[in-house]
Visitor: 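Just dropping this structure here.
Counting starts at 1 for both ligands and their atoms, following the listed order.
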Amino acid sequence: MAFFTHHVCRALSSSAVRNVVIKHVTIIGGGQMGAGIAQVAASTGHSVTLVDTNTDILKAAVKGIEGNLKRMVKKKFADKPEAGEEFIQKALQNVSTSTDAGSVVQGSDLVLEAIVENLKVKQDLFSGLDKLAPAHTIFASNTSSLSITDIASSTNRLDRFGGLHFFNPVPLMRLVEVIATSATSQETFDSLMNFSKMLGKTSVSCKDTPGFIVNRLLLPYIMEAFRMYERGDGSKEDIDVAMKLGCGYPMGPFELSDYVGLDTMKFIMDGWSADNPDNPIFAQSEMLNKMIAEGKLGKKTGEGFYKYK
Ligand SMILES: CCCCCCC[C@H](O)CC(=O)SCCNC(=O)CCNC(=O)[C@H](O)C(C)(C)COP(=O)([O-])OP(=O)([O-])OC[C@H]1O[C@@H](n2cnc3c(N)ncnc32)[C@H](O)[C@@H]1OP(=O)([O-])[O-]
Ligand SMILES: NC(=O)c1ccc[n+]([C@@H]2O[C@H](COP(=O)([O-])OP(=O)(O)OC[C@H]3O[C@@H](n4cnc5c(N)ncnc54)[C@H](O)[C@@H]3O)[C@@H](O)[C@H]2O)c1
């Protein structure tokens, strides 16, 4: 019944609003995820403005995008290097950068954030942009597990707000979770689904429940791997090999944690601990806290559970 009511309400509340065809995209946060999403959007013909507060990060992001495109083109256009070069140049021409989100959102159909996993910071960002973006602009968050409803509550565009959760590395991972809150209009949801399709991704529809689908299952698995290691029940190498060869996973839990970034893992974990203080699955990991205090954040800093140099 609730499901039926929800869908009828979504359909009614938004009947006057047209679908937004997303062509111009502002992506906020030029880190691992923002740069990856920018790469895929630009290579599929969207015009992209990538925003970060840090100009060095923006330079590194564009350089990384170019490097990744070259890697991909080598394989895809093996017999046609000139067409490959043209593809790279076209994609790069679709990307511009800025340190001021407020000045670039006017022309955007979609504003997608991939900044730090912190509710207050995301809310502050969107509440400011809500006053500057055109009425038709859809806002979306790439949050790993914060509530989309909570992030959207900082704006006056609840019907034009949803979640678009990409996976790392964005150019290779085929899934996007599309999240609708109870206030997201059917048109907004359809536009986000269609955008994911235009990026060449497969989408699944998710409710705005903690961790959506993937992270609700992934987080307890990774945390249990940490506990096994902390108890001395297995070495990190053996646990990684076991999960790769025993389950066919491309990376073991420690390799994957280094890949995601241990700071991001902790931001995610802290959110779950705060909301579920009595659930041992989400209890703090002293090992993780110590590694972060030592600046070992994983692949991005050259060391996490493993060394990368
Ligand atoms: C406590 C909290 C826990 C929750 C955490 C949640 C985080 C988040 O919300 C959700 C996630 O994302 S969860 C995370 C979800 N993610 C996962 O679970 C990831 C699991 N890992 C994997 O799927 C694989 O290991 C990879 C796909 C990463 C690499 O593949 P591989 O076979 O092991 O290694 P390879 O041989 O090196 O690369 C193969 C080819 O790819 C090419 N290439 C590589 N990187 C590239 C890039 N960035 N761009 C473009 N291209 C790139 C490379 O050049 C090569 O091409 P070639 O033409 O053949 O030379
Ligand atoms: N790392 C992953 O595997 C992964 C996967 C899916 C989703 N996510 C989510 O995506 C988001 C970003 O993760 P990431 O791994 O790319 O982080 P990251 O640390 O690599 O990048 C975040 C970037 O945001 C910038 N930033 C922070 N506040 C900003 C602001 N107010 N305005 C503009 N830029 C700002 C930072 O300078 C940084 O470059 C998080 O919400 C994370 O939970 C991460």
Visitor: Need the ligand 1 atom indices (1-based, order shown) with element for anything under 4.0 Å from a heavy-atom of Leu172.
Guide: 27 (C), 41 (O), 42 (C), 43 (N), 44 (C), 45 (N), 46 (C), 51 (N), 52 (C)

Visitor: For atom 4 (C) of ligand 1, what's the nearest protein heavy-atom neighbour? Residue, atom name and distance, please.
Guide: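 Among all protein heavy atoms, the one nearest atom 4 (C) of ligand 1 is Asn215 OD1, 3.9 Å.
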
Visitor: Looking at Asp258 and Lys300, is there a salt bridge between them, counting it only when a charged N and a carboxylate O are closer than 4.0 Å?
Guide: no

Visitor: Given Met223, Arg71, Lys75, identify the one with the heavy atom nearest to atom 52 (C) of ligand 1.
Guide: Arg71

Visitor: Using heavy-atom distances, let me know which of Leu50, Ile115, Asp56 sits nearest atom 28 (N) of ligand 2.
Guide: Ile115

Visitor: Can you tell me which residue and heavy atom of the protein come closest to atom 15 (O) of ligand 2, and the distance to 0.1 Å?
Guide: Gln32 NE2, 3.6 Å

Visitor: Should one rank Ser144, Ser145, Gly128 by closest heavy-atom distance to atom 8 (N) of ligand 2, which comes out on top?
Guide: Ser144

Visitor: Suppose we measure from atom 39 (O) of ligand 2 to each protein heavy atom; which comes out shortest, and what is that distance?
Guide: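 Checking every protein heavy atom, the shortest distance to atom 39 (O) of ligand 2 gives Asp52 OD2, 2.7 Å.
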
Visitor: Return yes when Phe167 approaches ligand 2 closer than 4.0 angstrom through a heavy atom, no otherwise.
Guide: no

Visitor: Determine whether the side chain, the backbone, both or neither of Asn168 has a heavy atom under 4.0 Å from any heavy atom of ligand 1.
Guide: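 Near ligand 1, Asn168 shows its backbone as well as its side chain.
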
Visitor: Classify the angle between the aromatic ring planes of Tyr229 and Phe254 as parallel (below 30°), tilted (30 to 60°) or perpendicular (above 60°).
Guide: perpendicular

Visitor: Which atoms of ligand 2 have any heavy atom of Thr264 under 4.0 Å away?
Guide: 15 (O), 42 (C), 43 (O)

